[in-house]
Amino acid sequence: MPELPEVETIARGLAKRVSGDVIDSVWLGQKPEPLKSSAQEIAAVLEHSLIATVRRMGKHIVFDLEDNSVGPARSGSTPIRAQWIVHLGMTGRLQICEAQSEVLKHTHAIVKLASGRELRFVDPRRFGRLSVARAAEFEAGGIEPLEADLDRFLVLFHGRKTPIKSALLNQKLLRGVGNIYADESLFRAGIRPRRRASTITRDQLAALLASVKEVLREAIALGGSSISDYVDADGEEGFFQLQHRVYGREGEPCLVCKTPIKRIVIAGRSSHYCPRCQK
DNA sequence: ACTATTTCCTGGATGC
DNA sequence: TGCATCCAGGAAATAG
């Protein structure tokens, strides 16, 4: 499940491979579900655009596009800028392959590149989303955790009665943290996932911010090496190997105190914690 | 203005 | 072996 570190890794891989390439044409599947913008709008924005850069915003992959349809640099003209935004959801993948490669099941979009390759969006569960933004810069919501300072972090939770776990997952507050990294961060900070956000002390929140950054940085470092080829061909090959300390370890001994890890459900999400280490 | 719950979707795991 | 059921999860929609 791609969260911030996976999306970061994927965006870097894409940037390396497709920056500078030009989109010749776009095919979009008949199922409209994965499209946030209309198919016509997406095609209109993408076709004949040059991919300037690819970057991550929260859990979104953003392709920065420049208008290439007028041909080589007319002097004095400013390139029209737009963005193609991809959210991978749970099972979405962006695949770079040769045009003759077999089209996998659940392929919802095929972008033909001037280099002869294709960029394909494959997503069995269809939680992923494709959209475009013109003129205005795509707005992703909350703050980037890796760029947050303590003051901006504290404000997010001020007066919130919701469990801290839910607040961490709220993309309008903090963008990019998903279920796995929320649990792992809370464990490292010694905070129970059900604690009401507003009841957590400044010191504890400082520890939490440090934990969030630490976990994300570790995962990016590890993920970078293990899924660097994720966007190629069939990709997948088992996500990052960040060793989870609580996530998915229900009933197993806490790595610190040996107490069995508990699993509870918060807002429909399974949440794992050590009842002894986390208060 | 918030917060909690439901919904979308399919493949893989589980159970009888 | 086959079939039904449950579960995973991000974020939008809905309900309270």
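To find a chain, count down the sequence lines: A is the first, B the second, and so on, and within it residues start at 1.
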Q.
Can you list, by chain and residue number, the hydrophobic cluster partners of A:F187 when the side-chain cut-off is 4.5 Å?
A. A:V246, A:V256, A:I261
Q: Could you tell me the separation between the CD atom of A:E250 and the P atom of C:dC7, rounded to a whole number of Å?
A: 12 Å
Q) NZ of A:K165 versus P of C:dG10: gap in Å, rounded? A) 9 Å
Q) What closest approach, in Å, do A:N179 and A:S270 show between heavy atoms, and which atom pair accounts for it? A) ND2-O, 3.0 Å
Q | side chain to side chain donor-acceptor pair (under 3.5 Å) against A:Q204, all qualifying residues, sequence neighbours excluded | A | A:R195, A:T201
Q | Listed partners of A:H106 passing ring-ring contact (aromatic ring centres under 6.0 Å, His included), at least two apart | A | none
Q | Spacing between A:N170 atom CG and C:dA11 atom C1', to the nearest angstrom | A | 10 Å
Q: Please report, rounded to the nearest Å, how far the P atom of B:dC9 is from the CE atom of A:M90.
A: 15 Å
Under 3.5 Å between N/O atoms: give me all the protein pairs with nucleotides 3-5 of chain B, atom names plus distance.
from: B:dT3; atom 1: OP1; to: A:K161; atom 2: N; distance (Å): 2.8
from: B:dT3; atom 1: OP2; to: A:R160; atom 2: NH1; distance (Å): 2.8
from: B:dA4; atom 1: OP1; to: A:R196; atom 2: NH1; distance (Å): 3.3
from: B:dA4; atom 1: OP2; to: A:T162; atom 2: OG1; distance (Å): 2.9

**Q.** Rounded to 10 degrees, the angle between the two terminal axes of the helix from B:dC2-C:dG16 to B:dC16-C:dG2, each from five pairs
**A.** 50°
Q) With stacking defined as ring centroids separated by under 5.5 Å and planes differing by under 30°, is A:F127 stacked against C:dG10? A) yes
Q) Given atom NE2 of A:H158 and atom C1' of B:dC2, what is their separation to the nearest angstrom? A) 15 Å
**Q.** ring-ring contact (aromatic ring centres under 6.0 Å, His included) partners for A:F127, two or more places apart
**A.** none
Q | Set of residues satisfying side chain to side chain donor-acceptor pair (under 3.5 Å) with respect to A:R120, sequence neighbours excluded | A | A:E118
Q. Looking at residues at least two apart in the chain, or sitting in another chain, which of them share a salt bridge (charged side-chain N to carboxylate O under 4.0 Å, His left out) with A:E252?
A. A:R249
Q.
At 4.0 Å (heavy atoms only), tell me whether A:R263 reaches a base, stays on the sugar-phosphate, or touches nothing.
A. sugar-phosphate
Polar atoms only, N or O, under 3.5 Å: list the protein pairs with nucleotides 11-14 of chain B and their distances.
from: B:dG11; atom 1: OP1; to: A:H106; atom 2: NE2; distance (Å): 2.9

Q. Between the side-chain atoms of A:R269 and the base atoms of C:dG10, is any donor-acceptor pair under 3.5 Å?
A. yes
Q | ring-ring contact (aromatic ring centres under 6.0 Å, His included) involving A:Y273 - partner list, sequence neighbours excluded | A | none
Q. Can you check the A:H60 NE2 to C:dA12 P distance for me, whole Å?
A. 7 Å
Q: Take A:R56 and A:E144 through the salt bridge (Lys or Arg N to Asp or Glu O under 4.0 Å) test and state the conclusion after the steps.
A: CA-CA 10 Å; A:R56 176 194 64 76; A:E144 282 287 338; 3.0 Å; yes
Q. Can you name the residues that form a side chain to side chain donor-acceptor pair (under 3.5 Å) with A:K59, not counting sequence neighbours?
A. none
Q: Starting from P on C:dG10, measure out to CG on A:D183 and report it in whole angstrom.
A: 10 Å
(Q) According to side chain to side chain donor-acceptor pair (under 3.5 Å), who are the partners of A:S115, at least two apart in sequence or on a separate chain? (A) A:D21, A:R117
Q. Whole-Å distance between B:dA1 C1' and A:L173 CG?
A. 13 Å
